[in-house]
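The structure under discussion appears below in the form of structure tokens.
A, B, ... follow the sequence lines: proteins, then strands. Residue 1 opens every chain.
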Protein chains: 2
Amino acid sequence: MSQTKIKNMEEFAAVSGISRPTVSKYFNDPASVRKSTRERIEAALERHDYRPNIYAINQNRRLTKNIGIVVPYLSDPFFAEIARNVESLVIDAGFRPIQLNSQGTKVQENDNLGSLRSIKPAGVLLAPLGRTSDRSSVEAFCKDVPTVLFDSNIEHLGEAFIGSNNDQSIALIIDYLCRSGEPPAFFEMKEPPNPNAFKRRSAYLATMDRLGHEPHLIQVDGEGWDFEAIGFSEGMRVIENRGLPTDTVLCSNDRLAIGFLSAAYEMGMRVGNGAGCALRVAGHDDHPFSRYTCPTLTTVSQDYASIAEKSVETLFRLIDSGERAKRRDTTLYDASLVMRGSA
Amino acid sequence: MSQTKIKNMEEFAAVSGISRPTVSKYFNDPASVRKSTRERIEAALERHDYRPNIYAINQNRRLTKNIGIVVPYLSDPFFAEIARNVESLVIDAGFRPIQLNSQGTKVQENDNLGSLRSIKPAGVLLAPLGRTSDRSSVEAFCKDVPTVLFDSNIEHLGEAFIGSNNDQSIALIIDYLCRSGEPPAFFEMKEPPNPNAFKRRSAYLATMDRLGHEPHLIQVDGEGWDFEAIGFSEGMRVIENRGLPTDTVLCSNDRLAIGFLSAAYEMGMRVGNGAGCALRVAGHDDHPFSRYTCPTLTTVSQDYASIAEKSVETLFRLIDSGERAKRRDTTLYDASLVMRGSA
DNA sequence: GTCTTTTTTTTACGCGCGTAAATTTACCAA
DNA sequence: TTGGTAAATTTACGCGCGTAAAAAAAAGAC
């Protein structure tokens, strides 16, 4: 490492003995210059540690190397986990991920899209709020920037959608629950803020209908994203009021189930399959914490990895082709049953 | 909203009837232009929705409006939560937060610092990996960019450090445990990857010494950040092997405790204070999930909000002054006891 | 060694904005 | 109305790089 500070590409080109346009070419794609040239540049790079100014680079380029990643609520471990997966894949592909957190609100989601717009990203991976999203904003954004939706679908928006097959996953867990005991009631928020909740509700109703069982919706009050708290307090209330129509409860998501399990524990109700158990509880998502609840939570596992991979792959294919999608593909991955102690 | 697309400040200045340099001045600080001028610009802004090109803006400015936020592991709800707090404060201050996730590795942390450097941030809020950090990299970075460390200290680096007082918090919980039952053993990883773990170990030893109790360290194997899994599997092992020297266990952090509680449940050991309980377990951090464990987890609560506020405030004070800190202040916030069911 | 193709160099312009200096205009009080 | 000051305009340059076109040089084939 030399002590001379290189302040721009001109100077770096000088010390490396290569012309500036060729150096520029190298930084855009090292493979685009002759091997001997590449080696000379890389040798100089070791001696001087120069990095092109990112603002100057992006000013004239139509396509930056930025990839936006927007998730609805990053404090939710489920989204943190999928964001982490996506981020790693983007880095591996040689792009710069820009991770943005909508913090559960439409306002922040719109702000995020605005920020992304001014960053001129090559593409965006967007997990929208869903129903709560500002459809026209998202639509306008998708028109300007190649955007792949994941986790939560908004009909007709974006180049593609990759998510989980809620019909399949809900049917899967209901089938299991019915095989192993009473048909489940469905525990959910009356007005859920999170994506996919309505999909799961209707999947529940459809599946119960198909199996010839009477559906029971337990719709509780509560606002915001503090699902465990809602599952806990409303779970307490339901249990106290003897509001459970069956001994089996399927929660709309694992976070509600975590709260619900905690409530059952506090109320002294044993949860599980065995003799002496008063209740069975199942969730949905295979939340990172679902394997540490008491008892451990039976749930269905979304195929995180495939969703992340397919989303990133789809976006990069689009970016490489330089075109928009000919048609909007929807890819749904099946979930798998995770049998644990709670049901 | 008009249909004419404004593509640069020149055009926008034209439609607003104001000269470009004045418009530029407005965007840098709306208060710096006369009220009547400001209103004319804002009127035009409503009609045309123009945003200055972020790359061109930052190219010539010494100081961008970017604030870097680096956390060691964003999938950990503890860090997700503190990052969310910090992010909101940064947005409120009119800056652009750039959130970066070190994903637990030195390599990624260094990459993040590199990315930040090329973004020319006005300042950085850095929660480093701590012991695992590449000291010389961080040091070099802090020399170039005003950086405030939080959560995890690296001696002498950065303009200031804001964190939690581990000595106080550990003493607090130990005092409580001793008052209400047997003195605790300390459950931790032999080689913890996370910051603060060593601080807590020595605080445990010091406090036990002060109180005249014999310390018991339960140091378990395991690598990486999957603390719950380690707490669970190693907790199982310890319980099975009757390796508990006392009936009270203080875990180095809540995530270990969550796993440990789950293990105790699986082993059929009742945890809590009451009669019929075989074990007491306490944690540290007031993790978002600690109120939903079974039983709910007694722990100490770090003062998230104050740490976030003070960190952001310290950084902005530095940025405003345009200078570096005269001396490196360390601010430690006391934690508070959160009594729940487990101890 | 010559011819062809690929790569590099030279030259030159533009991106969208920050910013400085000199000048003009607007504002406010007396 | 005048004078003084604060604000806006005009003019002009520069930031660091992308990129296009034409010319020169290097590499590969025969």
D:dC17 OP1/OP2 closer than 4.0 Å to side-chain N/O of A:Asn58:
no

For C:dC17, does either OP1 or OP2 sit under 4.0 Å from a side-chain N or O belonging to B:Tyr50?
yes

List the atom pairs, donor and acceptor, that lie under 3.5 Å between side-chain atoms in residues 80-88 of chain A and the rest of the protein, sequence neighbours left out.
| residue | atom | partner | partner atom | Å |
| --- | --- | --- | --- | --- |
| A:Glu81 | OE2 | A:Arg84 | NH2 | 2.6 |
| A:Arg84 | NE | B:Ser75 | OG | 3.4 |
| A:Asn85 | ND2 | A:Glu81 | O | 3.0 |
| A:Glu87 | OE1 | A:Gln99 | NE2 | 3.1 |
| A:Ser88 | OG | A:Arg84 | O | 3.2 |
| A:Ser88 | OG | B:Gln103 | NE2 | 3.2 |

Check: B:Asn101 main-chain N/O paired with B:Asn112 side-chain donor or acceptor under 3.5 Å
yes

Indicate, with a heavy-atom threshold strictly under 4.0 Å, whether A:Pro21 touches base, sugar-phosphate, or nothing.
base

Summarise how protein sits on nucleotides 24-29 of chain C as a single string, 5' to 3': B when a protein heavy atom is under 4.0 Å from the base, S for sugar-phosphate-only contact, - for no contact.
--S---

Between B:Pro121 and B:Thr64 the two heavy atoms that sit nearest each other are CA-OG1, 3.6 Å

I want to know whether A:Phe78 and A:Tyr304 have ring centres closer than 6.0 Å.
yes

For the helix from C:dG1-D:dC30 to C:dA30-D:dT1, what is the angle between the axes at its two ends, each from 5 pairs, rounded to 10°?
10°

Can you tell me the distance, in whole Å, between the OH atom of B:Tyr26 and the P atom of C:dT19?
17 Å

How many Å lie between CD1 on B:Ile54 and P on D:dG16, as a whole number?
19 Å

For the pair made of CE in B:Met9 and P in C:dC15, what is the distance, rounded to whole Å?
15 Å

I want to verify a distance call: between D:dT19, C:dC15, D:dT9, whose nearest atom is closest to the B:Ile18 side chain?
D:dT9

From NZ of A:Lys65 over to C1' of D:dG18, roughly how many Å is that when rounded to an integer?
15 Å

Counting side-chain heavy atoms from CB outward, which of D:dC17, C:dG16, C:dT19 is closest to B:Ser24?
C:dT19

B:Ile41 CD1 to D:dT9 P, straight-line distance once rounded to whole Å
8 Å

Only pairs at least two apart or in different chains count here, so list each ring-ring contact (aromatic ring centres under 6.0 Å, His included) that has a residue in residues 123-149 of chain A.
none

Would you please confirm or rule out a distance under 4.0 Å between OP1 or OP2 of C:dC15 and any side-chain N or O of B:Asn8?
no

How close or far is atom C1' of D:dC15 from atom CD1 of A:Ile57, stated in whole angstroms?
14 Å

Record whether the side chain of B:Asn60 comes under 3.5 Å of the base of C:dC17 through a donor-acceptor pair of N or O atoms.
yes

May I ask you to evaluate whether A:Thr22 reaches the phosphate of C:dT8, defined as a side-chain N or O under 4.0 Å from OP1 or OP2?
no

Any sub-3.5 Å donor-acceptor pair from A:Arg40's side-chain atoms to A:Gly17's backbone N or O?
yes

Tell me the interatomic distance from A:Arg38, atom CZ, to C:dT7, atom C1', rounded to whole angstroms.
13 Å

Partner set under side chain to side chain contact (heavy atoms under 4.5 Å, CB included) for B:Ala93, not counting sequence neighbours:
B:Phe95, B:Phe316

Check: A:Tyr50 ring centre within less than 6.0 Å of A:Phe27 ring centre:
yes

Carboxylate-amine/guanidinium proximity below 4.0 Å for A:Arg328 and A:Glu159
no

By salt bridge (charged side-chain N to carboxylate O under 4.0 Å, His left out), B:Arg117 pairs with (sequence neighbours left out) B:Asp144

B:Lys35 or B:Arg20: which one's nearest nucleotide on DNA chain D is closer to the 5' end?
B:Lys35

Separation of A:Phe12 atom CZ from D:dG18 atom P, in whole Å?
13 Å

Picking from C:dG16, D:dG16, D:dT11, the nucleotide nearest the side-chain atoms of A:Asn53 would be D:dG16

